[in-house]
Amino acid sequence: MTNKEIAELFRDVAASYSIKNEAKFRFQIIAYQNAADAIEGLTTQVQDLYKEGRLEQIPGVGPTIKTRLEELLKTGKVKHFEEVTAGIPPAVFVLMQVPSFGPKKAYKLSAHFHLNNADTAIDDIAKLAKKGEIAKLEGFGEKSEKDIIRAITEFKEGKGKTTKMLLPYAHEVSEQILDYLRTNKDVVRAETLGSLRRMKSLVGDIDIAVASNNPKKVIEHFINYPRKDRVIEKGPATSSFLTTGGNQVDLMVQPPEGFGALLQHFTGSKDHNVHLREYALKKGLSLSERGIKNVKTGKMQKFKTEEEFYSAIGMSWIPPEMREDSGEIELAINNKLPKIVELKDIKGDFHIHSSFAIEPSHDLGKNSITEMLKKAELLGYEYLGFSEHNPSISKHTNRQIVDLIKKRNEEIDILKEASNVAIFKLMETDILPSGKLALPDNALEQLDGTIVSIHSVFKMDKNEMTKRVLSGLSHPKAKILAHPTGRLLNERYGYDLDFEQIFQFCKENNKALEINAYPNRLDLTDTLVRLAIEAGVKFTINTDSHASYQMDLMKYGVAVARRGWAIKSNIVNCLNYIEVVKWFKS
DNA sequence: GCCGTTTTCGGCCCGACTGTTTTCAGTCG
């Protein structure tokens with residue numbers, strides 16, 4: 001059973017509890033939802049943790065859920081869960097995938113219409129709604145019937161939060177809306193918040209906060225956005241619409257003197273806010289997007305800035321990328337947050353594909369070495385590493401391969417003279433399924449070092465794949481493992497690797513893991529970065545640019561590093577040129 | 001059912017909006 005399947009099962013259990021008796025099982029519901037969230041976010045399979053006897057290390061898993069997990073992994077089912085879900089049609093859990101369908105609504109409809117086939121449940125409900133059968137039910141009406149038809153249509157089209165956006169796309173959409181909002185004179189400030197501000201790799205919706213003394217006017221302006229498909233909701237302080245591209249945009253408005261609390265609230269994450277509010281409550285303070293209320297006196301204090309807001313709870317300001325409730329609150333209380341890396345700390349980029357005709361096994365870059373160097377100078381870099389894919393081994397003899405690399409290096413040597421940016425002669429070399437590198441030793445000798453990576457035969461057993469990667473990395477010239485998980489966001493999962501072994505090896509042998517900044521990679525992932533740092537591993541943040549404009553994507557890689565709590569000294573390309581030269585030789 | 005810088009017992013964030021309702025339930029973030 002995969003983590004995702006286990007998380008889904010736990011959510012079904014929570015839903016079943018709320019259908020049967022929400023009041024009675026209030027805290028079990030929260031407990032199972034929390035455990036589901038934690039399990040879904042794990043970088044290790046629950047199956048493996050079970051084998052290693054480490055189930056209790058999962059946050060939100062206590063003695064009871066631990067025994068449930070053991071039973072589940074041993075026998076494939078849990079007797080207690082079967083009791084909890086007894087009498088609830090399986091259609092309920094399918095319907096709940098559709099936004100606006102919670103446990104109550106899904107159950108009412110499934111039970112009343114005897115929906116026995118979970119596979120067709122969503123279509124069945126749509127048909128009943130179109131026939132006007134749902135409006136007849138108590139608690140439903142014509143409007144909610146229409147809403148159901150629309151919700152199902154949008155769900156099938158992948159609108160709303162069903163399909164998540166890559167970061168740069170979400171940025172672009174939000175910038176357009178911000179520009180539009182700022183044309184209104186009642187908008188004092190407008191900012192993007194939510195997971196976009198926290199720089200998560202995938203963004204479900206776009207959250208925007210506005211400071212204004214006239215919220216009504218701002219919301220009127222907001223819902224008249226020209227690229228709007230339909231308004232989802234509209235109240236005095238908040239509103240949402242769907243863009244023509246099918247993305248949900250949420251707006252919240254507060255007066256300027258209370259904008260700090262709104263920034264904090266709407267940036268999230270949910271877990272961060274819940275923890276923060278629980279902590280504040282113990283001090284007699286109740287937090288909300290409006291400000292901080294003294295529970296005893298009932299007096300509300302407002303905050304212009306987030307810094308003042310955090311300070312009033314007795315802690316230092318926390319960078320948005322760290323707000324995931326993974327220990328940042330405790331550190332902020334003690335004023336001990338790490339000073340995480342910033343874009344301006346980056347002094348170069350090691351993963352650059354030029355258009356030099358190296359006859360590679362994979363794709364060539366679009367811009368010349370000169371053009372890439374010019375861009376590096378604009379970015380203020382000290383150095384750049386050229387790492388085209390290795391010449392294809394099937395189409396060349398060893399001799400030809402060595403000649404091609406020599407030619408590229410000669411070109412670099414000529415261009416070096418006129419460049420203010422220092423150059424490293426690298427290559428991105430495939431690790432073959434055997435674990436050997438796709439370049440002969442006499443070719444590798446021509447290089448300052450090489451990036452190694454997997455580009456074929458992804459489906460290997462975890463142990464075999466780990467052995468393959470370690471074998472590739474063990475060559476003395478191999479210094480960086482590129483896009484270590486191999487995942488492509490919204491496209492494919494990564495290959496199976498034992499990262500504990502990889503981390504150990506990298507630390508002992510002075511190899512770096514890449515944080516690939518390319519938006520559909522963002523690989524290593526934030527959670528693995530955090531674990532790797534704890535294991536003492538170093539990183540390089542690289543753009544993997546195949547064109548000069550892509551070198552601007554560095555900020556997304558830095559965001560992953562920040563989400564993984566990386567500091568400057570964890571990152572090789574925060575070192576100066578001399579130090580990097582030493583590092584490649586180490 | 002989990003968890004600990006008030007606690008191993010007694011807590012468990014806070015508020016918005018919609019539709020179907022005459023005061024609230026359901027869903028969402």
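Below, chain A is the first sequence line, B the second, and so on; all start at residue 1.
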Checklist outcome for this item: Between CG of A:Asn34 and P of B:dC2 the distance, given in whole Å, is 10 Å

Checklist entry - For A:Arg290 and B:dA16, is the shortest distance between a side-chain N/O and OP1 or OP2 below 4.0 Å? => result yes

Checklist entry - Does A:Lys105 make a cation-pi contact with A:Phe101 (under 6.0 Å, within 45 degrees of the axis)? => result yes

Checklist entry - Between A:Tyr279 and B:dT5, does any side-chain N or O lie under 4.0 Å from OP1 or OP2? => result no

Checklist entry - Distance between the P atoms of B:dG26 and B:dT21, in whole angstroms? => result 13 Å

Checklist entry - Where the side chain of A:Arg68 is defined as all heavy atoms beyond and including C-beta, which of B:dG1, B:dT18, B:dC13 is the nearest nucleotide? => result B:dG1

Checklist entry - For A:Arg323 and B:dC13, what is the distance between atoms CZ and P respectively, to the nearest whole Å? => result 20 Å

Checklist entry - Reckon A:Ser239 touches a base, only the sugar-phosphate, or nothing at all at heavy-atom distances under 4.0 Å? => result nothing

Checklist entry - Between B:dG1, B:dT27, B:dC13, which nucleotide has the shortest distance from any of its atoms to the side chain of A:Arg277? => result B:dC13

Checklist entry - When we call it a touch if two heavy atoms are under 4.0 Å apart, what does A:Ile65 touch: a base, just sugar-phosphate, or nothing? => result sugar-phosphate

Next on the checklist: Of the options B:dT27, B:dT18, B:dG15, whose atoms approach the side-chain atoms of A:Ser288 most closely?
Outcome noted: B:dG15

Checklist entry - Considering only the P atoms, how many Å lie between B:dT20 and B:dC14, rounded to the nearest integer? => result 31 Å

Item to check | Contact under 4.0 Å: A:Thr64 side-chain N or O vs B:dC2 OP1/OP2 | outcome: yes

Item to check | Shortest side-chain distance from A:Lys293, nucleotide among B:dC17, B:dG1, B:dG15 | outcome: B:dG15

Next on the checklist: Nearest heavy atom decides the nucleotide; on that basis, is A:Lys105 or A:Gly60 closer to the 5' end of DNA chain B?
Outcome noted: A:Gly60

Checklist entry - Which value, in whole Å, describes the distance between the P atoms of nucleotides B:dG1 and B:dT5? => result 24 Å

Item to check | B:dC12 versus B:dT6 - spacing of their C1' atoms, nearest Å | outcome: 15 Å

Checklist entry - How would you label the contact of A:Leu276 with the nucleic acid (heavy atoms, under 4.0 Å): base, sugar-phosphate, or nothing? => result nothing

Checklist entry - Does A:Ser100 have a side-chain nitrogen or oxygen under 4.0 Å from the phosphate oxygens OP1 or OP2 of B:dG26? => result no

Item to check | Rounded distance [0.5 Å steps], CG in A:Asp124 versus CG in A:Asp119 | outcome: 10.0 Å

Checklist entry - Which nucleotide, B:dT18, B:dT7, B:dG1, lies nearest any side-chain atom of A:Lys282? => result B:dT7

Next on the checklist: Regarding A:Asp147, tell me which of base, sugar-phosphate or nothing describes its non-hydrogen contacts under 4.0 Å with the strands shown.
Outcome noted: sugar-phosphate

Checklist entry - On a whole-Å scale, what distance lies between the P atoms belonging to B:dC13 and B:dG4? => result 14 Å

Checklist entry - Between A:Leu281 (CG) and B:dC12 (P), how many Å, whole number? => result 6 Å

Checklist entry - Any donor and acceptor pair, going by atom type alone, linking the side chain of A:Ser110 with main-chain N or O of A:Tyr107 inside 3.5 Å? => result no

Next on the checklist: Taking only the P atom of each, what is the distance from B:dC28 to B:dT22 in whole angstrom?
Outcome noted: 23 Å

Checklist entry - Can you check the A:Glu330 CD to B:dT5 C1' distance for me, whole Å? => result 10 Å

Item to check | Nearest-neighbour nucleotide for the A:Phe27 side chain, B:dC17, B:dG1, B:dT6 considered | outcome: B:dG1

Item to check | Atom-pair distance (OH on A:Tyr17; P on B:dG1), nearest Å | outcome: 4 Å

Next on the checklist: By the 4.0 Å heavy-atom rule, please label A:Phe140 as base, sugar-phosphate, or nothing.
Outcome noted: sugar-phosphate

Checklist entry - How close or far is atom P of B:dG26 from atom CE of A:Met96, stated in whole angstroms? => result 13 Å

Checklist entry - Start at the 5' end of DNA chain B and walk down; is the nucleotide closest to A:Ile219 or to A:Pro99 reached first? => result A:Ile219

Item to check | Value in whole Å for how far the C1' atom of B:dC12 lies from CZ of A:Phe25 | outcome: 17 Å

Checklist entry - How far does the C1' atom of B:dC17 sit from the matching atom of B:dT23, given to the nearest Å? => result 16 Å

Next on the checklist: Over all strands shown, is A:Leu287 touching base, sugar-phosphate only, or nothing at heavy-atom distances under 4.0 angstrom?
Outcome noted: sugar-phosphate

Next on the checklist: Please evaluate residues A:Tyr32 and A:Phe25 with respect to the criterion ring-ring contact (aromatic ring centres under 6.0 Å, His included), reporting the C-alpha separation (whole Å), side-chain torsions for both, the decisive distance (0.1 Å), and the verdict.
Outcome noted: CA-CA 11 Å; A:Tyr32 277 100; A:Phe25 298 117; over 10 Å; no

Checklist outcome for this item: Among B:dT5, B:dA16, B:dG19, the one nearest any side-chain atom of A:Asn334 is B:dT5

Checklist entry - When the ring planes of A:Phe81 and A:Phe10 are compared, do they come out parallel, tilted or perpendicular, using 30° and 60° as the limits? => result perpendicular

Checklist entry - So what does A:Arg26 hit on the nucleic acid, given a heavy-atom distance under 4.0 Å: a base, only sugar-phosphate, or nothing? => result nothing

Item to check | Working for salt bridge (charged side-chain N to carboxylate O under 4.0 Å, His left out), residues A:Arg197 and A:Glu191 | outcome: CA-CA 9 Å; A:Arg197 184 173 180 224; A:Glu191 301 288 343; over 6 Å; no

Checklist entry - With both distances under 3.5 Å as the test, what is the Watson-Crick or G-U wobble partner of B:dT8? => result none

Item to check | Separation between CD1 of A:Ile19 and NZ of A:Lys108, rounded to the nearest 0.5 Å | outcome: 12.0 Å

Next on the checklist: Using OP1 and OP2 only, check whether a side-chain N or O of A:Thr238 sits under 4.0 Å from B:dG15.
Outcome noted: no

Next on the checklist: Please evaluate residues A:Arg277 and A:His265 with respect to the criterion side-chain hydrogen bond (donor to acceptor under 3.5 Å, both in side chains), reporting the C-alpha separation (whole Å), side-chain torsions for both, the decisive distance (0.1 Å), and the verdict.
Outcome noted: CA-CA 10 Å; A:Arg277 287 166 184 200; A:His265 164 80; 2.9 Å; yes

Checklist entry - Which part of the nucleic acid does A:Glu142 contact within heavy-atom distance under 4.0 Å: base, sugar-phosphate only, or nothing? => result sugar-phosphate

Checklist entry - Using a cut-off of 4.0 Å on non-hydrogen atoms, how would the nucleic acid contact of A:Phe266 be classed: base, sugar-phosphate, or nothing? => result nothing

Checklist entry - Reckon A:Ala237 touches a base, only the sugar-phosphate, or nothing at all at heavy-atom distances under 4.0 Å? => result sugar-phosphate

Item to check | Interatomic distance, A:Gln248 CD vs B:dC28 C1' [rounded to whole Å] | outcome: 9 Å

Next on the checklist: Nearest to the A:Ala31 side chain among B:dG1, B:dC13, B:dG26, which nucleotide is it?
Outcome noted: B:dG1

Checklist entry - Looking only at heavy atoms, what is the nearest atom pair of A:Gly41 and A:Thr527, with distance? => result O-CG2, 4.4 Å

